[in-house]
Participant: 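Got a structure for you, written out below as structure tokens; questions coming shortly.
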Amino acid sequence: MNQPPVLDVVGVVKRFGGFTALDGINLTVAPSERLGLIGPNGSGKTTLISCISGSLIADDGQVRFQGQDITKLTPHRRTGLGIGRSFQIPRPFGSMTVAENVAIPLEYVGQGSRKEIASEARDILGLMRLDHLADTDARALNQIELRKLELARAMACHPKLLISDEAMAGLSGNEVDEILEILLAVNQRGVAIIMIEHIMRAVMGFSERIVVLDAGKKIADGAPEEIMRNPDVERAYLGE
Amino acid sequence: MLDLFLNAIAAGILLGGFYAAMTVGLTISFGQLDIVNIAHPAFIVLGSFCTFVLHEHAGLDPLLAGVLLAPAFFCIGIGVYSVYYGSFERRGDESLRGLAFFFGIMFILEVLLIMTFGVDYRLVETSYIGESIKIGVIGLPFRMLVPFLAALAMAGGIYLYLSKTFTGRAILAVAQDRLALQLMGADPVRTKQIAFGIGLGTAAVAGSLLIMLGPVEPSVGRLYIGRIFAIVVLGGMGSIGGTIVAAIILGVVESMVATFYGPSWSPAVAFGFLLMTLAIRPSGLFGR
Amino acid sequence: MQCFSGTRRWALKLAAAAFAGTLAFAAPAQAEKPIKIGFSMALTGGLAAAGKAALIAMEIWKDDVNAAGGLLGRQVEFVYYDDQTNPSTVPGIYTKLLTLDNVDLVVSGYATNMIAPAMPIVMSRKMVFMSLFGLAVNEKFNYPNYFQIMPAGPNPLTDWSKGFFDIAAAQNPKPTTVALVGADAEFARNALIGARENAAKAGFKIVYDKTYPPPTADFSPIVRAIQAENPDVVFVASYPPDSAGMVRAINEVGLKTKLLGGGMVGLQFAALMGKLGPSLNGIVNYDFWVPEPTLKFDGVEAFLKKYQEKAPAAGVDPLGYYLPPYAYAYLQVLGDAVKAVGSTDQQKLADYIRSHTHKTVVGDVSFAPNGEWATPRALMVQFQGINDSGLEQFTKAGARVVLWPEQWKSGTLKYPYAQ
Amino acid sequence: MRIGWFYPIALLLVLGGAFATKHVDSNFVFYAGYVVLQFIVLATAWNILGGFTGYVNFGTAAFFAVGAYTTIALNKALGLPLLAIMPIAGIIAGLIGLAAGYFTLRLKGVFFSIATLALAVVLETAVANWGYVGGASGSYVIPPAEVPFFDNYIEGLFSLMLLLAVVAVGIARYIALSKIGRGFAAIRDDEVAAECMGVPTLRLKLIATTLSGALMGIAGAPYPFYVTYVEPTSAFSLTYAVNSIAMPLIGGTTTWFGPVIGAVLLGSLQQWATVTISSELNLLIVGVTLVAFVVLAPQGLVGLARKLFGRGGRTP
């Protein structure tokens, strides 16, 4: 942990009307780190990653990415700096093919010529095991393929940090393993990953470190084994 | 000066009531169901012409005619929604093509009216039109008072229906979340059909009020499109109470501008108000 | 893509050929081919009510002429297209009339917006242009062969309301203040310009001068604002729906003024008059023809009888006093000129029309150099003794008495207005 | 970058049109053609925003009228010729598009549509009250008696509009085939996702509103010379909005040539109907074709053709 962190969230607060969704969250992610983000429903996970990726702007506190303050930047600027995200409910570009879907971030984040973009799109689809569907319309894909497309597009943003928002919810055991393999392969390329997941087996197996949110506060931060033993976490999940 | 001021406010409130009657159906279809029924004013004009026929040939009071027409409009609404659902909503295609669909419907309605009735102006005359009551310095013409009261009654009835009956609550639920509706055990398509039907039913009543106010010709509805959409937005998209308050605010603003500044600027003031609201507070004056 | 313009040209030629074919087919086997009169008319859109009524009147003229043997021994035929009350259709229509349909004569469609777009085309062909109710169209074009049948007078903008202010100025004691109000649209704005001049000339003080936009649903705030200024005279320039709204609001508020009306369009139409009934009493408004004894010109009653038979089926104004006689008359002027000149030579026709007085169903017409009537005859009439709704009373003399001009006067002003 | 077939053909088309003015007898072709070409420009301009990014603009008439009234004002104030006015009209209408976009595009799509409707009302009221350009009583523009290179002004106007149509379609085509166009399509499909994939959505939408508004304004600039008499009601007529929406929908909104097909078909049909049917049925044409197409052929003629002849190339 002697490298400077890729992401540094300092005291972030987010309110909706009178309701405080995030109450002074601190969080750091080191380069190439695999971080699991868990917490009960409504604990603020999605709000937090929205503040990181830019769909929401934090009311207070600071978000730093590779040392640069990005608290107020628009989402596409953050994407350009190297934050990629997948959506919990897949949001493909329905009128385009799978390859064209991936080409959009390649074109807007990268600089390559159309030929380079096409070949890179093929590489990414290969990594995601989607290459056989490259010319299929995105709206014709099934659930697992859509999840992979989400990850493929996020990868196409050339991220240094990838946020995977429940990429495995509703998938079968084999499919979960497939996504996990893909995420590990991505991580091998030096991309830090924040994984939000309800499937404990997956998070615990994947993460090097786990952060637990409850009611807008961070209640635990540590290695998976520690978290499993943490009484606060147990209370948050099981109630009093 | 004071009585001019009071009268301007009174006239504005009555005018606002009339606007509310024209808008409340759109509050349901646009505000709650997300169906951009730009043909709503055209349906109102259809209501005016039907009222005219019933008044002229059967001697019915215009308001009564409007109420009697409402069930027929309800059925038309169910039919229109079914086409809309089958062609657009089910395909997830409603935004662009759905808008264009209602745009086309509006033109077809206008032309059908022109072909049936010609383009001449129609108006109705009843015993109470032309009379007014005086309260202190304030004069309230029945021509405006009747629409105002009818609008309040109609909006109140719809409000009660939405909050007290099962179907009504289902309609409110569909506005929020389709999943919640299914959990309630109601069929979303059926619920939306009924809601859209009610929306069009109000157009019949609003039509009878429109022709009570002044002469009507087939394409007069166009002139009201901007205004009533503005009211739905100002009212917070789907709130019946918000619609009434927004309509009355718009009515009072127009009436005040007309009295004290010059009527020719009143639509610009009203729409400037809308544009400002959209820019500063997109959820409307009373939005969530 | 290259064949694009070619294809369309080809399609147009085909259409033109087909059209010419139908015409040829329709024409009876006569030695002389018919005289074709071409025009655009608002048969749909905002002006269609008037446009359709005008067309009925024009058809009656055509039937009358053809029954009497036609013009120059040739039958008269119309070639007309619906301009949809959309000015941008008009240039195309007149070009087609003149180049593809090869009409012998053209006349205008109804109202200013539809007349002006035809002017450059008609002018480039130097055609005689009889025009139906355009307000001061020729002021900008200065076209010598333009003739306007609307009896506004040589200075249409001011002559229009001259009568109203003459009447006001003649009262004793002379009123001092005037309020002007009108719609935000072409005719009303122009009428207000004239009214402002006339009011200034007659020495009135203008205490209120505002316009309102369509659609104004409730006029009572406007009427109250006018009342607050206490004007002796109120001049209103309005369109049919607002005229009705205005009359109702005036009665509801109880406007206290001495003279009211002027340029309210719509109060001449049966649909509005019949409904507004007694609330019209006392209003002094412009009109072009009313069934008063002073205005029984040759042929007008026979014409109206024919018109009133056809009107109900077409859904247009059942009485037809306002526009239809003039729609008949503008063709009458043209037809008589053709007869007198003995050809359709445009220059000769124009010279003849300019230099002669024409006997028509709307009386004797002669034109000023700018093509307007040489003497204004925008009548000022007052609604009197209207006691109920019902159309019958408006067909009789005395319901709308003519107050101005003096020459056609048929009754006396009931003054002041305030009820 | 290969030159492709589009530009040579476009050039040929313009030269062919100008040549035609010397060799076609009836000016009717030019008057009717002018209107059809004008609708090609309007439909193409509308489609850059409405079809490519999915934001429905009901205010076509407002931008069109801005162009027309720029001509009236500048012609009166400075006596500028039309050719000098057109770019200015484009700039003004484009700036209005930019401003309207800036204030409303952060709203969801439908609110944008309503805002454009309101914009049309506000502008119409402003023009009706602006005495210098004639206000509600209207204003005359007398076309020049002589036009260089052409026999009369309508041939000049026709050639000008032809050139403009080609330029507008060329711009739309360039966009559709470029990075910007792919960004537009991403916005249309899912704006939130597009933003997160690095697409600068607000900037792209502003480009679309500005360009779309500017083209509409330029299309409106020659209008006063065409009709010679302009007043707000007809300049702000809803006809422009209906047609500019109906034409792309009939042709197909996702391609650059869909609006052209729609405008040529519907525009010619209307011109033809004006001089043949001449009745209320005329007005039914737009409404019925619009409803029929959105219900039965949601992807327009382009989509129909693709269905019939297989998927075909996505873009030529």
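Reckoned from all heavy atoms, side chains included, excluding hydrogens, waters and symmetry mates. So that the names make sense, note that chain A is the first sequence line, chain B the second, and so on, each numbered from 1.
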Participant: Would you say that Pro241(C) contacts Glu217(B) through its side chain, given a criterion of any heavy-atom pair below 4.5 Å between the two side chains?
Facilitator: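 Not touching, per the 4.5 Å side-chain cut-off.
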
Participant: Side chain, backbone, both or neither: which part of Ser219(B) has a non-hydrogen atom closer than 4.5 Å to chain C?
Facilitator: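 Nothing of Ser219(B), per the 4.5 Å heavy-atom cut-off to chain C.
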
Participant: Which pair of heavy atoms, one from Pro240(C) and one from Tyr121(B), lies closest together, and at what distance?
Facilitator: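 For Pro240(C) versus Tyr121(B), the nearest heavy atoms are CB-CE1, 3.4 Å.
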
Participant: To the nearest 0.5 Å, tell me how far Asn251(C) CG sits from Glu131(B) CD.
Facilitator: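 The CG atom of Asn251(C) sits 10.0 Å away from the CD atom of Glu131(B).
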
Participant: Tell me, for Ala314(C) versus chain B, whether the close heavy atoms (under 4.5 Å) come from the side chain, the backbone, both or neither.
Facilitator: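 Neither part.
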
Participant: Just verifying a value: how many Å separate Phe219(C) CZ and Met144(B) CE, rounded to the nearest 0.5 Å?
Facilitator: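 Those atoms lie 11.0 Å apart.
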
Participant: Would a 4.5 Å heavy-atom cut-off, applied to side chains only, mark Gln227(C) and Leu4(B) as touching?
Facilitator: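 The answer is no; the side chains never approach within 4.5 Å.
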
Participant: So, does Lys210(C) use its side chain to make a donor-acceptor pair with the main chain of Thr259(B) at under 3.5 Å?
Facilitator: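 Not at all, since once roles are kept as given, no pair shorter than 3.5 Å links the two residues.
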
Participant: Under 4.5 Å heavy-atom distance to chain C, tell me which part of Ser132(B) shows up: side chain, backbone, both or neither.
Facilitator: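 Contact with chain C: side chain only.
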
Participant: For Val220(B), is it the side chain, the backbone, both or neither that has a heavy atom under 4.5 Å from a heavy atom of chain C?
Facilitator: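 Neither; nothing under 4.5 Å.
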
Participant: Given that the side chain runs from C-beta out, which part of Phe269(C) has a heavy atom under 4.5 Å from chain B: side chain, backbone, both or neither?
Facilitator: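 It is neither, since no heavy atom gets under 4.5 Å.
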
Participant: What part of Ser220(C) lies closer than 4.5 angstrom to a heavy atom of chain B: side chain, backbone, both or neither?
Facilitator: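 When you check distances to chain B, only side chain atoms of Ser220(C) fall under 4.5 Å.
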
Participant: Rounded to the nearest 0.5 Å, what's the gap from CG on Leu223(B) to OG1 on Thr216(C)? Could you check?
Facilitator: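 Result: 10.0 Å between the selected atoms.
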
Participant: Considering residues, nucleotides and ligands other than Phe260(B), do more than 12 of their heavy atoms fall under 6.0 Å from its CZ?
Facilitator: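 Counting neighbours around CZ of Phe260(B), more than 12 heavy atoms of other residues, nucleotides or ligands fall under 6.0 Å, so yes.
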
Participant: Count the heavy atoms of every other residue, nucleotide or ligand shown that sit under 6.0 Å from CZ of Phe5(B), and state whether that count exceeds 12.
Facilitator: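 Not more than 12 within 6.0 Å, no.
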
Participant: Measure across Met212(B) and Arg248(C) and return the closest heavy-atom pair with its distance rounded to 0.1 Å.
Facilitator: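 That closest heavy-atom pairing would be O-NH1, 3.3 Å.
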
Participant: Measuring heavy-atom distances to chain C, does Phe18(B) have an atom under 4.5 Å in its side chain, in its backbone, in both, or in neither?
Facilitator: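 Answer is side chain: those atoms of Phe18(B) sit under 4.5 Å from chain C.
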
Participant: Looking only at heavy atoms and a cut-off of under 4.5 Å, which of Ala244(C), Gly245(C), Ala217(C) has the most pairs with chain B?
Facilitator: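 The answer is Ala217(C).
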
Participant: Non-hydrogen atoms of chain C under 4.5 Å away: do they reach the side chain of Leu213(B), the backbone, both or neither?
Facilitator: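 Leu213(B) touches chain C through backbone and side-chain heavy atoms alike.
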
Participant: Output the distance between atom NZ (Lys275(C)) and atom OG1 (Thr126(B)), rounded to the nearest 0.5 Å.
Facilitator: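 Here the rounded value is 10.5 Å.
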
Participant: Heavy-atom distance under 4.5 Å to chain C: side chain of Leu123(B), backbone, both or neither?
Facilitator: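 Both backbone and side chain.
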
Participant: Which answer fits Ala8(B), side chain, backbone, both or neither, if we ask what part of it has an atom under 4.5 Å from a heavy atom of chain C?
Facilitator: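 No part of it gets close to chain C.
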
